[in-house]
Structure formats: C-alpha cells, structure tokens
Amino acid sequence: MSEPTGDIGALRLQYRHDKSALLEQLGVQGSSSRGVRSALHRLARLTDQTLCELWKHAGFGPDFSLLAVGGYGRGELFPFSDVDVLVLLPDSSQPEQDEALKSGLEGFIGSCWDVGLEIGSSVRTAADCLQEAAKDVTVQTSLLECRLICGSKAQFNALLGQLNEAMDPKAFFVAKTLEMRQRHTKFENTPYSLEPNCKESPGGLRDLQIILWVAKAAGLGRSWDELARRGLATPLEIRQIKANEALLGLIRARLHLLANRREDRLVFDLQTAVAESFGFKAQAPAAIVAPSVPGPHAVPNTRSTRRASEALMKRYYWAAKAVTQLNQILLLNIEERLSSDDAGMDRRRPINERFFDKGGMLEVAHDNLYEQQPQAILETFLIYQTTVGIKGLSARTLRALYNARPVMNAQFRADPVNRATFLSILKQPEGITHAMRLMNQTSVLGRYLWVFRNIVGQMQHDLFHVYTVDQHILMVLRNMRRFFIAEHSHEYPFCSQLAAGWDKPWILYIAALFHDIAKGRGGDHSELGARDVRTFCRQHGIAREDSQLMAFLVSEHLTMSRMAQKEDLSDPDVINAFAQRVGNERYLTALYLLTVADIRGTSPKVWNAWKGKLLEDLYRYTLRALGGRAPDPGAVVEARKREALSLLALHALPHLAHKALWDTLDVSYFMRHQADEIAWHTRVLTKQLALTAAQTSTQLATQQARAAAKRPARPAAAANAAAESPQHAIVRARLSPEGEGLQVLVYAPDQHDLFARICGYFDTSGFSILDARIHTTQNGHALDTFQVVAPTLSEHYRELIAMVENDLTQTIDERGPLPAPSKGRLSRRVKNFPVTPRVDLRPDEKAQRWLLSVSASDRAGLLYCISRVLARNDINVQLAKITTLGERVEDTFLISGPQLQVNKRQIEIETELLEALAG
C-alpha cells in the first residue's frame, strides 16, 4: 500500500486523536452504564465525518451514495467493530467494465484503511441490493438498518422504497426467529455459559436487536419508545430493556478496550479486568453470624473470598436473563400482531375462570390477574404442567408474570395455598423439570423459594462445575426425574431399577433442589442447606421422617462420591463405617440416586463408566453390610476363587494350572479384584509364565551344554527359580469390562520406581489413568492393574492395545534413570482460576499404611511428577485412585515405606510433593 498523501495523513492524525479521546471516556472506570449509547453514537458520528471527507476527496459524482449498514447503520459503533458501508451505484454502472470507476472505488477503500478505518465494504446498484436481499436474510437485515452518510439522497430514498415494497414482514419474522434459534443452539441455549458472548449468546445484545428488526420490518416501530407507544411493550419493560442494553453495551465496549481488538466474549482472561473496570473488588473473608451446626462436615462460619469477576458475571447473568424474558414477551406480541388476520388465531378455549388455552399457549384471563389474585401465580405452572396441549406461556401471561414480581413478597411465600400448590407441582407424575425451569426463567422460583434466589446466576469457579449454581441444581433435578421415567431406563438401568421401588419421588426432588442451595453463603454449604431444607419442610407441613431424610441427603450429598473415589472399597472397615453413617437401606438408596444425579449434573466431562462402577460397588457392599452380612474377608476370597475357577474352566485351563500363581498371592489381592479380573490375570499369566519357563529352560540347557567342559552345571533349584520368575515385564491389555477405556495388566520384577515408570509412559502416550491397583507377589513381582482412557480408543482400540502391550513392556525393561517430567501446558481456565496445591499425609485407621491425598490444578504429566517424588523416596504405592474434576485433580494413594515413620522425612516428602504440584 502506498503512503497516504498529505491530506489523508492529516485526516488520519485527526481521526486517531478524536477517537482516542472518545475511547478514553468509554474506558473511565465505573459501573454506571449511563451515557454509553451517547459515546457509541459520537464514535459513529466521528466516523461519518471522516468518511465524508474521504468521499469528497475521491470525487464521486452526484448520483453515487455512501451508506452505513449493519450495526454502524444504527448509528452506534463499538471501539473495534467493523465499519460496514455500502457504495450505492447508479443502476447503469458496471465497475467491472469501467476502469476509471473501478480505480476510484479501490482508491476510496484504500484511503479508508490508510486513515485507520477497518471497513467492511460492498459495492452494489439498487437492483443488486434487492436481488441479494431476496436471497439472503442477513443482507436484508443489514439493508434494513441502512442510513445515508453522504451522496444522493434521492437515490437513497428510492432504494428504501424498493426495499419496503419487497419486504414480507411475516416471512422476515419467521426467518429471523429461526436464525435466532440456530444461534441459541450454537451457545447451548443458555445465557449461563462460562465465557458468554455478550453480543451473540442467548440474552445478549443480538436478542434485543432482533426485536427492533422484526418490528421495523412490520412497520410497528423503529425504537423502544415507539414500541411502547404502539402497545407492544409496557413502560416498565422499556425501562428494563434500556437499562440492560446499556449494561451489555458497556461490557462489550470495555471488552474491546481491554483486549485492544474486537472481542465480544467474556473470556476468563478478561473477566477480572472488566470487573475491576466496573469497580468490583474481591471480597476478603469476613465472619458471618450463624449458629454452628455440629456434624462431620462442620467448618468455621466464614465467608469465602468472592472474586471480582464473580460479582461481574452475576450481574451479567441477571441482565441476560432479563433480556431473554423480554425478548420472548415482545417477539410473541409482534407475532400476534402479524398473525391477527389469520383465521382462528384469536380463539381461546377456557381452562378455568382464570386461564385460557390460546393456540396451545396458556393465557391469563386478564392482565392484572396476578395483582388481584396472587395465588394464581403458582397455579400457572401447575396448569402448564398438567393440562394436555399446553406447550408454553403466551405473551400476555409472560408479561403479567414479569409485572407481578412485586406481588411475590414475604406474604406471598407464607400463604398456605401457595405452599400447597408448590408441593403439588413437585408431586405431579410428569412435567416437573419443565415446570421448574419455566419458573426459574420467569423469576418465580427465586421469588417463591427465597434461598434459591441467592444462587441464580452464581458462578462456580472451582474448575469442576460448568454451570451456574441454579442451572446445576435444575440439571440435577432433571437427572433425578429421569430415573423415574420408563423411557429413560436405558440410560442408568440400576438407578431406574432402584427408582421403580421408591415410594415418594418428591422427597428426592426436594433434596435435589436444596443440595447446593447454600453455595457462596459461607461455611459448609451442605450443613447450611440441610438447615434450609428443614425450614422448608416445617413451613410446608412435611412429615418429620421425610424431613429427616431430606436433611440427611443434603448434608451428606458429597459423602458417597468421596468414599467411592478415594477410599479402599476392599477394606471391610471402610464399608462398615459407611454403613453406620448411612443407617438403613432407604437412606442408602436415596443417597446413591442423588449422588449419581449430582455428578452427572456438574459437567458432561466428569462422569464416566468407572465412576459409575465405583459408586455401584459401594452401594452393593454397603447394602450387604446393612443386611447383617458384614464383609468376611475369608468368605469373600473363597467365593471369588470359586467363581474365577468356573470362568477358567470355560477356557480349558488345565487342572491346578492356576496354583503356581495363586500361591504367590495374598488375601488383599483377591479382595481388591473381581472374579473376572482374577480369571483374566490367571489365564494370561499362567500361559505366559509357562512359555517363559520353557524358553528359559531351553536357554539354560543350551548354555549348560556349551559350558559343560568349563564349569559345573547350574543347580536345578536355581534353574527352576529362574523359570518361575521371568526377568522381563509381561503387559497385556483389553477393553475395560466397564465399557470405557482399557484395562492394563502389568507383571514385572518389582522395583521402587515401577509405578512412576508406568505413569510416565501413559502420560507421554496420551492416556489418562482412572485407577491403579498395585500388588506385590510373594516371589517379588509386581502385579498391577490400571484403568486408562484415551481420546481415540473407540475407533482404534486394537491398534492401541497392541501399542500398549509392546511399548509399555519396552519402557519397563529399559530400566535406567527416570526421565525428567515435561512441562505440561495449562489451560486458560487453570491459569485464571488456579487451585492451591494441597497435600495431606496421614496414617490409615489401622496405622499400618498411609493415605496420601493430593489436590491441584490438572496438567499433563502431573501424576508422573507425583510418582517420581514417591519413587525417589522409596515409597511403595499399593492403591491409587485418580479423580479428575474438570481441570482439578483429587488423587488418593495408599502408600507404605520406612521413610514415613520419621516425622522429619514426612515433612520433607510433603514439601517435595507441593513443589511438584506447583510445577
């Protein structure tokens, strides 16, 4: 590009100076959104002036026009948004044949870039505009907002007339609403994403713009005030729209300024900076007044630090929620206006004296129904839930609910009729999830259940949950509800089986509603939530025994998951302790169902088949203990041996072929492995050991024959020992019986760094370890079983199995020093929300082994780093449970070693582990 001329250079300096001054005003810190639209308008006017100067400089004739289109056409311009313009040519113009015109257009566009305007340009005649608009609704929308910057006003007005004649308001409405649905689907139909796009996400600025587009196309108004004058919106709704539009606009403008580029996403990297630009600050811990609640989870009553970004995001989510509600109300109103001439559209079928069925939408009998009869508010959702054919709420009903929010006060919440109606909604045989979600969308749930209001739009920056607290709770409720629906029994057959025998599903639904309701309030949210659910039960007249069960479920909703994922379930003492804590089968079943629903409701990535197996195993073991059948290690071992022998017989294994291996195994091996695993290990190792013994015997015979003349033959005992104890690793893999990942068997001479070496291999090969059971045989061999997963497992499992068996064998046999760990790349979430590394080392209940608990941000190579520290200190790993919760790990190891008996060495080991976790 050539250097700009003197005039262009001066214009560039002036434009940059004036734009910087305007951007400085937008960037002034403060949470007030007043004046943001004025600033955006001034930025657009500055751009208009600059373009007019360049247009004059280009020397176009009087029958040419320069139009602003798109967002710039609305007269608003965000700091780094594109400047979309249309050069409108006379109908006779053909720039592809007119070299002078083509050169002039290229010069004009080039001068725009020289000045610093990042323009998006199109060059068309009026006929071209009409043709493109007919083919593409995006072009039609862009032209709908066009305005004249400079040039021929007559030509511009003629274009507007032609566009208006060609506009089909109904078709345009259908096209734009379909486009909106597709856009919402792209963002998972929720305004509560972790990194929302404040322009495109549901509840973003685009949802407000679409209202004005379809209203303008239908001739119903060009501004919010016009929509109010025409009765499409109430003055209250317009005030809410303007306030939330200004807030979202200011957030978007600040994002542009802080990123120094066009950035419409509230990404983690920018959330804190944007929050601080609004004046939000992190809240330091502060004491709260609340009576202490004794219990196993009791913690000091302190309020946890709240990030500045959390305050901003909660404000954003509330604004996005309001925009979503208002968008729905106004679009339904516009649709009714457009369809008012259609036959049958205004027919209303009475449901009762308060409500009508209007084309499948629930309609209030009159606009002030809720102000006059507040009890009708909750009745709305009961009718929506129970009336066949009702698929939603009409615009009139949505508006009435929106305007009736002041009515939902303390008196409303204390009304016995309302309390009975709310319980009735939860006790219905179907429609519960839809009713509760609709209640939350319309802000009724948080106004009736006041403690729920506190967690609406509340982020959970724990690298585990991917939903806000209210959305997570409703997701858990939905999961619980599906256990009781026959059509979904294939998803979780065991849960559905248990649910089929449960007599009061509503108890579990209420427990789901309250299990996380005290998040962010300070103290232990489980105990605070239990207190809240007791209050709810007392207010709603729920029987004492049901109230006690709900309080138990809320207070203990994390216990079963922790036990399954961190404790040794083969230890009878662990099972007996959990059985005593649960108390009976009814409480155990309810807690199991809530635990599965809760884990499934945190993130699509958290649940896997292995976690499902652990929970089901814990349930079954505990159920036997509650039935008086306490685990008897001897009986369990004998039963598993008998079952394993039956399975081995199916594979024609010779009689007593298993004995050589089993004689080297102790009780703990048989307690930790299921019968099918024992049979698989025995089948693989018996054949491999026999083959190894034969090869070793042949090698020994050859060596002895060659050396017979030089030295005496090796003693037979030594030869047999060599045959029975191969010096090379045996690695075998198979698809996991749990239906996910691989199960890998490693049999090798024991060495202090074997676990670390195996972890290093899996890490560099892209596998994630879910579980590791480590066993040392009586002849000095390690017999380890790993559960691993890989991204490409389902498609290439045969190749992966062969690769693991070959490469891991070589890795183990190579010996040598352990390689240095690689520096794992941290995700953006981990960088912005790091987890403070924690290490907890304590003896187990029998004081024979040690439990090591590790918590840290996840990264590639983390488990290898931990295992290297353990190997360096000659610590044996006997059991490893690897738990990944989003980008956080919670790993538990059962370890032993002489170093752990010395307090000083314990501290040194913990310090080394913390350094390894910190990276």
Side-chain angles (χ1 to χ4, degrees), residues 463 728-729 731 744 746 748-772 774 782 784 786 788-791 800 803-831 834-841 850 852-884 887-893 895-900 904-919:
L463 305 182
H728 297 286
V731 177
V744 181
V746 175
D750 197 18
Q751 50 184 304
H752 73 282
D753 62 356
L754 180 61
F755 180 71
R757 200 172 294 278
I758 295 171
C759 290
Y761 165 77
F762 283 130
D763 174 55
T764 56
S765 300
F767 289 89
S768 296
I769 300 176
L770 301 179
D771 185 78
I774 315 301
D784 303 342
F786 294 84
V788 300
V789 291
L800 282 174
M803 181 190 76
V804 169
E805 291 180 344
N806 180 67
D807 295 353
L808 182 53
T809 301
Q810 293 182 9
T811 299
I812 296 172
D813 288 343
E814 282 175 358
R815 305 293 175 90
L818 292 172
S822 58
K823 289 290 183 180
R825 179 179 174 272
L826 298 179
S827 69
R828 287 191 302 113
R829 287 197 68 192
V830 169
K831 288 179 181 177
V835 175
T836 302
R838 298 184 185 278
V839 172
D840 180 36
L841 183 61
W850 294 76
L852 170 64
S853 298
V854 171
S855 176
S857 298
D858 192 21
R859 70 171 192 273
L862 181 64
L863 183 58
Y864 178 56
C865 291
I866 296 171
S867 59
R868 283 184 84 248
V869 172
L870 299 180
R872 192 161 53 241
N873 290 279
D874 294 323
I875 293 174
N876 299 316
V877 177
Q878 299 179 11
L879 184 70
K881 291 205 168 186
I882 314 303
T883 305
T884 304
E887 280 82 9
R888 187 178 91 239
V889 296
E890 297 278 354
D891 298 343
T892 305
F893 305 87
I895 58 178
S896 63
Q899 304 278 9
L900 300 174
K904 181 180 178 181
R905 290 293 297 130
Q906 285 182 28
I907 296 173
E908 292 174 351
I909 292 169
E910 288 177 316
T911 302
E912 283 188 57
L913 285 169
L914 285 171
E915 292 174 352
L917 295 175

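Keep in mind it's a predicted model, so treat the numbers as computed, not measured. Counting from 1, the numbers follow the sequence of the chain as shown.
The SG atom of Cys759 sits 9.0 Å away from atom CG of Leu870, with the distance rounded to the nearest 0.5 Å. Note that CD1 of Ile882 and CG of Asp771 are 7.5 Å apart. Values are rounded to the nearest 0.5 Å. Once rounded to the nearest 0.5 Å, the distance linking CD of Glu912 with CZ of Arg872 reads 5.0 Å. Taken to the nearest 0.5 Å, the OH atom of Tyr864 stands 9.0 Å off from the OG1 atom of Thr764. Rounded to the nearest 0.5 angstrom, Ile769 CD1 and Leu863 CG are separated by 5.0 Å.
Ser867 places none of its side-chain heavy atoms less than 4.5 Å from the side chain of Val877. Between Leu841 and Leu913 the shortest side-chain heavy-atom distance does not fall below 4.5 Å. A heavy-atom distance below 4.5 Å is not found between the side chains of Trp850 and Ile875. Using a 4.5 Å heavy-atom cutoff, the side chains of Lys881 and Asp891 are not in contact. Within the 4.5 Å cutoff, the side chain of Phe755 has no heavy atoms near those of the Asn876 side chain. In this structure, Ile758 and Val744 have side chains that are not in contact, with every pair of non-hydrogen atoms separated by 4.5 Å or more.
When all heavy atoms of Ser896 and Gln878 are compared, the closest pair comes out as OG-NE2, 2.9 Å. The nearest pair of heavy atoms linking Leu879 to Ile774 is N-CG1, 4.3 Å. Leu862 approaches Ser857 most closely through the heavy-atom pair CD2-O, 3.6 Å. Between Ala729 and Asp813 the shortest heavy-atom distance is N-OD1, 3.0 Å. Heavy atoms only, all atoms of each residue included: Leu917 and Pro837 are closest at CB-CB, 3.8 Å. Contact between Ile812 and Ala748 at its shortest, heavy atoms only, is CG2-CB, 4.1 Å.
With hydrogens and angles ignored, the 3.5 Å screen pairs a side-chain donor or acceptor of Gln906 with a backbone N or O of Leu900.
By the salt bridge (Lys or Arg N to Asp or Glu O under 4.0 Å) test, Arg868 pairs with no residue at all, sequence neighbours left out. Under the rule for a ring-ring contact (aromatic ring centres under 6.0 Å, His included), the partners of Phe762 that lie at least two apart in sequence or sit in another chain are Phe767, Phe786.
The side-chain hydrogen bond (donor to acceptor under 3.5 Å, both in side chains) contacts involving residues 803-812 comprise nothing, where partners must be two or more places apart or lie in separate chains.
Atom CZ of Arg905 sits in a crowded spot, with more than 12 heavy atoms from other residues, nucleotides or ligands closer than 6.0 Å.
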